[in-house]
Peer 1: 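My structure is below; once you've seen it, I'll send some questions.
Note that the structure is predicted; figures quoted are calculated from it, not measured.
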Amino acid sequence: MTTVPVVIVGAGPTGLTAATLLARYGIETTIIDQWESIYPLPRAVALDDEVYRILARLGVGDDFAAIAWPCRGLRLVDRNLRLLAEFARDGDTGRHGYPEQSMFDQPELEAILRRNLARCPGVTLRGGTEATAVVQGDDHVRVDVVDPRTGEAGSLRAAYVLGCDGANSLVRSCVGATMRDLGFTQRWLVVDVRCDADLGQWEGVHQCCDPARAGTFMRIGRARYRWEFRLRDGETAADFGDLDRLRPLVAPWLRQVPAARLEIVRSAEYTFRAQIADRWRDRRVFLLGDSAHLMPPFIGQGLGAGLRDAMNLTWKLAAVLSGRLPAAVLDSYQVERAPHARAMIHLAKLVGFAMTAGGEWGDLFRRVVAPRLRQVPGLRQRVTDSQSPALSRSDLVLRPRLRRTLAGTLCPNAVLPGDARLDDVAAGRFALVTSARPSAAHRAELARRDIVLVPVRSGNELHRWLRRGRADAALVRPDGTVLRAGRLGVLCTTLPVPAHPTPGGR
Ligand SMILES: Cc1cc2nc3c(=O)[nH]c(=O)nc-3n(C[C@H](O)[C@H](O)[C@H](O)COP(=O)(O)OP(=O)(O)OC[C@H]3O[C@@H](n4cnc5c(N)ncnc54)[C@H](O)[C@@H]3O)c2cc1C
């Protein structure tokens, strides 16, 4: 029986991200997947700059930039593609140093993640290895596996197991967790198309609000486009399996370009659901990604949520495995992540209902109300702003119950003097960002705990961010989330941070 500190079940984007982050903290990992290769069907095409920042932390920021296509915002259109409302983005680069929304092709992203993982020491990726059972002992977890081609069986033993095994998670059923339905089920056709001609459409996401045939259209690359159409009762993806049968659906988007110039790359039927697991942790086993939550893809957050899970859990797990944090902090994973995922699910449902609900009355409402949405103060910014909600209070997000502070929010990945960004300087460690002047004693205390001191000058982006948060200092966790914010003197005398392992052996 092979023994490793961490076994990850599932080498989708969530599992690959978790394995890479653990490797950066020097934690040995075995990651298994039932298949040898990447899942080829069309899935995620959009992610925001908070998630892009995670990709950069994995070391694949430049590789992702090479396949990414910036997205200019969101348009709501009616069934005749007449504009109902537009929420355009202002600039290319957001507060984390990346475009606020990028389009991409999920199999291409997974290929990048796999190539990068192959360069990480201490990680073994075993394809063709299906988990069949997860059994917890007092001080370990056993994962039974089988090679689906040969039937050869075996077992892995680990201190912790991460269930990153997707929507039909075996790990979830082995720990007795169940999905709670949040009330959204729709069947959709999803089609990826290659076309060398420019369709001449606006470079953002178009949501076609039509209860009779809701649809989504967007450009996802130089010669790549994505359509999604809600299927009617009795229809299946096979009814639109070739260009001739797809033509009536896509024709309104093509303008002068003949349909013959389109090549269907992939086409699939999906049932979009809104679900969340009732428990994300059972002792030494955790659920991450689609095994913990499912959301309709209308706001492009499903894959991102899995990467956020991995980012949230891995530094805590590394600290627990090295004995620097107590195992109890691992409970903060579900406390912080579940409400965040739930908020994203509700937002995705809202967009879904806006596109599909209400029949003719809904149409009238959309025609009358949608064009006026831009005039609602602050709404454009809320729709296009990629900032996601703050994490809930936990042992590692310390803030008063009733007062809003920076705690739980992501610290911007701002440019610091010398042109490096915060993440480069913090390099996976705790950081204390402050506009005040720390005393020699404060500096010594921070150094003792391996907390990086990040002084910010007046006029700097982080200075403004602290001021807006009514603080002169913020203690930032290795995942970029603010643990606590307030006065420097108070923060330095109550540091809840012991010495911490640093990535890459630093
Ligand atoms: C049409 C569509 C559009 C989408 N658009 C977006 C979008 O724009 N933006 C976005 O962020 N998200 C989007 N998503 C969601 C996104 O694709 C998923 O959230 C994401 O793939 C989840 O990643 P994961 O690693 O958690 O799970 P998966 O990608 O499902 O990976 C799970 C892995 O576990 C393996 N596995 C399963 N069971 C076992 C077992 N017993 N043993 C071993 N291995 C196992 C599987 O083979 C698989 O490789 C979309 C989804 C769909 C369907």
Peer 1: Scan side-chain atoms only and decide if Thr132 and Asp144 contain a donor-acceptor pair under the 3.5 Å cut-off.
Peer 2: no

Peer 1: What residues form a salt bridge (Lys or Arg N to Asp or Glu O under 4.0 Å) with Arg226, not counting sequence neighbours?
Peer 2: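 For Arg226, the residues satisfying salt bridge (Lys or Arg N to Asp or Glu O under 4.0 Å) (neighbours in sequence not counted) are Asp192, Glu228.
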
Peer 1: Could you pull out all residues at least two apart from Val415 that satisfy side chain to side chain contact (heavy atoms under 4.5 Å, CB included)?
Peer 2: Asp419, Arg421

Peer 1: Side-chain contact, heavy-atom cut-off 4.5 Å: Gln136 with Cys174?
Peer 2: no

Peer 1: Would you call the rings of Phe104 and Phe64 parallel, tilted or perpendicular, where under 30° means parallel and over 60° means perpendicular?
Peer 2: perpendicular

Peer 1: Does the distance from a Lys or Arg side-chain N to an Asp or Glu carboxylate O, for Asp48 and Arg308, drop under 4.0 Å?
Peer 2: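 Salt bridge flag = yes for Arg308 with Asp48.
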
Peer 1: Is any side-chain heavy atom of Leu117 closer than 4.5 Å to a side-chain heavy atom of Ile31?
Peer 2: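 Sidechains of Ile31 and Leu117: in contact.
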
Peer 1: Give the ring-plane orientation class for Tyr160 versus Phe286, where under 30° counts as parallel, over 60° as perpendicular and anything between as tilted.
Peer 2: tilted

Peer 1: Please list, one pair per line, the donor and acceptor atoms closer than 3.5 Å that link side chains of residues 484-492 to other protein atoms, with sequence neighbours excluded.
Peer 2:
unit_1	atom_1	unit_2	atom_2	d
Arg484	NH1	Thr494	OG1	2.7
Arg487	NH1	Asp472	OD2	2.9

Peer 1: Under 3.5 Å, sequence neighbours excluded: what are the donor-acceptor pairs made by side chains of residues 452-471?
Peer 2:
unit_1	atom_1	unit_2	atom_2	d
Asn460	OD1	Leu462	N	2.6
Arg464	NH1	Gly459	O	2.7

Peer 1: Considering only residues two or more places apart or on different chains, which pairs with a residue in residues 327-337 satisfy side chain to side chain donor-acceptor pair (under 3.5 Å)?
Peer 2: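 Side chain to side chain donor-acceptor pair (under 3.5 Å) check on residues 327-337 returns Arg281-Asp331, Asp309-Arg337, Asn312-Glu336, Lys316-Ser332, Lys316-Glu336, Glu336-Ser394, Glu336-Arg477, Arg337-His340.
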
Peer 1: Could you tell me whether Glu50 and Arg53 have a side-chain N and a carboxylate O separated by less than 4.0 Å?
Peer 2: no

Peer 1: Who pairs with Gln106 by side-chain hydrogen bond (donor to acceptor under 3.5 Å, both in side chains), at least two apart in sequence or on another chain?
Peer 2: Glu110

